[in-house]
2 protein chains.
Amino acid sequence: MSKKATIYDIAKELKITAATVSRALNNNPKISEKTRELVQATATKLNYKQNKLALALKSGKSKNIGVVVPYINRIFFSSVIRGIEDELYPKGYHVIIAQTHDNKEKELKILQNLLNEQVDGILISSSYSNNEKHKLDYLVKKNTPFIFFDRKLNFPNISSVTLNDYQGGYDATKHLIEQGCMRIAHFLVDQELELYKNRFKGYKDALEKSGLPFLPEYVVTLKSDIEAGREAAKTIMKLPLPPDAIFSSTDYGLLGAVQYLNELSVKIPDDFCVVGFSNAPFTQFLETSISSVDQSPVEMGKTAAKVFLEQIENEQTVKICKNVVLPAKLIVRKSSGKIN
Amino acid sequence: MSKKATIYDIAKELKITAATVSRALNNNPKISEKTRELVQATATKLNYKQNKLALALKSGKSKNIGVVVPYINRIFFSSVIRGIEDELYPKGYHVIIAQTHDNKEKELKILQNLLNEQVDGILISSSYSNNEKHKLDYLVKKNTPFIFFDRKLNFPNISSVTLNDYQGGYDATKHLIEQGCMRIAHFLVDQELELYKNRFKGYKDALEKSGLPFLPEYVVTLKSDIEAGREAAKTIMKLPLPPDAIFSSTDYGLLGAVQYLNELSVKIPDDFCVVGFSNAPFTQFLETSISSVDQSPVEMGKTAAKVFLEQIENEQTVKICKNVVLPAKLIVRKSSGKIN
DNA sequence: TTGTAAGCGTTATCAT
DNA sequence: ATGATAACGCTTACAA
């Protein structure tokens, strides 16, 4: 395989200069038809392909953007990335992905690396909480546009695309109340993260609005996995007055709870209703399908990409900052379908 | 935000030359301790960060690799990518992802683009079948290493990492036979793709080995989704002598079939056994959990990454080509657990 | 319309 | 041990 052809090779072949070749290739108006055709012909003949690296170095734009997530194989994140790539590929951008494994130091390094790679923007779902966000301060202050999605950090003048988690929590709880549930428990994942706090707040406000008491013992903090959910269910079912419903911020945790309730022969939805969060694929496939709040991840990715594009296009003129909040969509299934 | 600092800024500050700065930064042995320290100090002071783009142009190595898949949000592919990124990030590589949407022309363009971007390698699960692989001929012949994973194309001297689909099909079928099933149907997805053919072949060989007849009417070709699976089940259950088991190349198709069988009140596993392929997450969460063949996607990704690294490291000396075949792992669950 | 030359930020090859 | 210079492949004033 011979070396890759450059514009110099084309130039030499035609006994003209590289500048002319460049212009011809870029359809510069002030170039004769003849040379343009000649150049393009020899370009294909020599199988010339533009070296984007050189272009990037020259222009200062790499046409690469970085997407940073905890784990790429979580369905929520891979769906967001799907949306981002679908939106950005037609605009000539390449998507570089990196996983933080929810490790803060690693996240910092990744961001540094991406910036060194001269990415044109960074879309990130951060592992940091708002308490420690100052550690990222010097990064977001650089020229490279940052866009936070889902897990947002509150920096002034930084764009974000998030779900209306509060509304999701509110709707889910209200729905359970409408089903006649009176003692609704809540599975809370992580007080540190804004989005879980917001779902929790939605839950509390829905209770209050309906005149139901908020009972701290009905709130369990747990990891987002099946085993933890099972344990959480054990805990609340041991209470003197056990709940008759769960609104869970995690589908996986909820699944564990449902499994435990099944073992106790608690009938869902007749005696106990549950609603999850995330609309994980499995929720709809269970015999007793699980109601859940959908996060429209693909849409979120597309939106984040659009916000990025807007920001880039207006770079010179005004610095745009946009904070988009997407609606949460409660999907009612059998697990909370007492009435209908 | 001031412009990014370059080695020239450091040089100017210290009244030395950029070459010296470069050497100091790269820990070149022939540099005095003093200058090294001085340089490193001013580097941090000016918040200097190496521009990887310039380095890439100079060295001809971008430290980027391209990963090309049909859809990034399919759990199998996102898991493979997870493995790839986990393996390659510590080696200083960035992973660029691109989705073909199973569109062959798009795949071609993507590959062309990635090559223009000067990626150091391409890991791909191709949409092409071996019949049309010649269209990619001129691409794989370039200097950039190609590695096929899962969906492999048979090019001479091109590496690949695949699953032993034949063995997966064989084991699944054999297992069903051992459960006492006598009339095993097969859900086949796409005759064009090698891997489905191999699973099918494993199925046939297992039947033959056990002296069971191969009946063409027990083989249904279908799309990989629930509705198609439901239809397929309808078809085979209408046969004069309906089967008593299904080995399906698709978990989703199988789920549709299971749903239909439930409606017919066919008892699984007592009267009917099923085994799927892919070990989709939902298979283990169903009340009647579904047996399936696991593909170890994360492992596959890691392996593909390792093959790439090996190939790059020995670039100068020998051209390495490796064809790794990973074992398929049958996971037995309730849906085929008659005996135990 | 085309050529000349500088520059993007590095590193490598000469010298000194 | 350090400096000068060229080179990677491209674009773009400025000249002609």
Side-chain angles (χ1 to χ4, degrees), chain A residues 2-40 42-43 46-64 92 113 115-120 143-144, chain B residues 2-40 42-43 46-64 92 113 115-120 143-144:
Chain A
S2 51
K3 285 241 64 75
K4 280 164 189 157
T6 74
I7 50 174
Y8 282 93
D9 298 322
I10 302 180
K12 207 182 297 171
E13 183 100 356
L14 295 172
K15 297 192 201 307
I16 56 176
T17 174
T20 312
V21 175
S22 169
R23 284 187 275 250
L25 256 17
N26 291 304
N27 288 314
N28 188 311
K30 43 179 69 174
I31 216 86
S32 79
E33 247 336 288
K34 269 174 280 173
T35 23
R36 188 198 317 288
E37 279 166 18
L38 235 47
V39 166
Q40 256 142 16
T42 34
L46 298 183
N47 194 26
Y48 167 80
K49 293 286 146 48
Q50 190 189 45
N51 183 329
K52 300 272 165 132
L53 237 43
L55 180 58
L57 179 59
K58 183 75 173 85
S59 68
K61 308 249 149 280
S62 67
K63 284 288 192 166
N64 283 154
N113 282 157
L115 259 13
N116 295 172
E117 277 246 2
Q118 315 299 114
V119 292
D120 294 347
N143 293 326
T144 310
Chain B
S2 52
K3 285 240 67 73
K4 281 162 190 157
T6 72
I7 49 173
Y8 280 94
D9 299 322
I10 302 180
K12 208 181 295 171
E13 184 98 356
L14 295 172
K15 297 195 201 307
I16 56 175
T17 173
T20 312
V21 175
S22 170
R23 284 186 276 248
L25 256 17
N26 290 303
N27 288 313
N28 187 311
K30 43 178 70 174
I31 216 86
S32 79
E33 251 331 292
K34 271 173 279 176
T35 22
R36 189 198 316 289
E37 278 166 20
L38 234 49
V39 165
Q40 257 142 16
T42 34
L46 298 182
N47 194 25
Y48 166 80
K49 293 288 146 47
Q50 190 189 45
N51 183 328
K52 299 275 166 137
L53 236 43
L55 180 56
L57 179 60
K58 184 77 173 79
S59 68
K61 308 249 150 282
S62 67
K63 283 287 192 168
N64 283 154
N113 283 156
L115 260 11
N116 295 173
E117 279 246 359
Q118 316 299 115
V119 291
D120 294 346
N143 294 327
T144 311

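To find a chain, count down the sequence lines: A is the first, B the second, and so on, and within it residues start at 1.
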- Message: Working to the nearest 0.5 angstrom, can you tell me the gap between K52(B) NZ and K61(B) NZ?
- Response: 15.0 Å
- Would you give the length of the straight line joining atom CD of E37(B) to atom CD1 of I31(B), rounded to the nearest 0.5 angstrom? 12.5 Å
Distance in angstrom units between [X] [atom1] and [N] [atom2], rounded:
X	N	atom1	atom2	value
L14(A)	dT2(C)	CG	P	11 Å
E37(B)	dA1(D)	CD	C1'	15 Å
K12(B)	dG9(C)	NZ	P	12 Å
L25(A)	dT12(D)	CG	P	13 Å
N27(A)	dT11(D)	CG	C1'	15 Å
N51(A)	dC10(D)	CG	P	6 Å
L57(B)	dG9(C)	CG	P	12 Å
N28(B)	dG3(D)	CG	C1'	14 Å

Would you mind classifying the nucleic acid contact of [X] as base, sugar-phosphate or nothing, using non-hydrogen atoms under 4.0 angstrom?
X	result
I16(B)	sugar-phosphate
S59(B)	nothing
L55(A)	sugar-phosphate
K49(B)	sugar-phosphate
I7(A)	base
S22(B)	base

Report yes if at least one side-chain N or O of [X] is closer than 4.0 Å to OP1 or OP2 of [N]; otherwise report no.
X	N	value
T6(B)	dC8(C)	no
N26(A)	dT11(D)	yes
Y48(A)	dC10(D)	yes
Q50(B)	dT11(C)	yes
T17(B)	dT2(D)	no

- Any T6(A) side-chain heavy atom under 4.5 Å of N51(A) side chain: no
- Distance only, no hydrogens: is a donor on one side chain within 3.5 Å (strictly under) of an acceptor on the other, for S32(B) and T35(B)? yes
[X] has a side chain; which of [options] sits nearest to it?
X	options	value
T20(B)	dT2(D), dG3(C), dC10(D)	dT2(D)
R23(A)	dT11(D), dG3(C), dG9(C)	dG3(C)
A19(B)	dA5(C), dA12(C), dT10(C)	dA12(C)

- Task: Could you note down all residue pairs passing salt bridge (Lys or Arg N to Asp or Glu O under 4.0 Å) where residues 7-16 of chain A supplies at least one of them, sequence neighbours left out?
- Result: E13(A)-K45(A)
- Message: Strictly distance-based, threshold 3.5 Å: is any side-chain N or O of T42(B) a donor or acceptor partner for the main-chain N or O of L38(B)?
- Response: yes
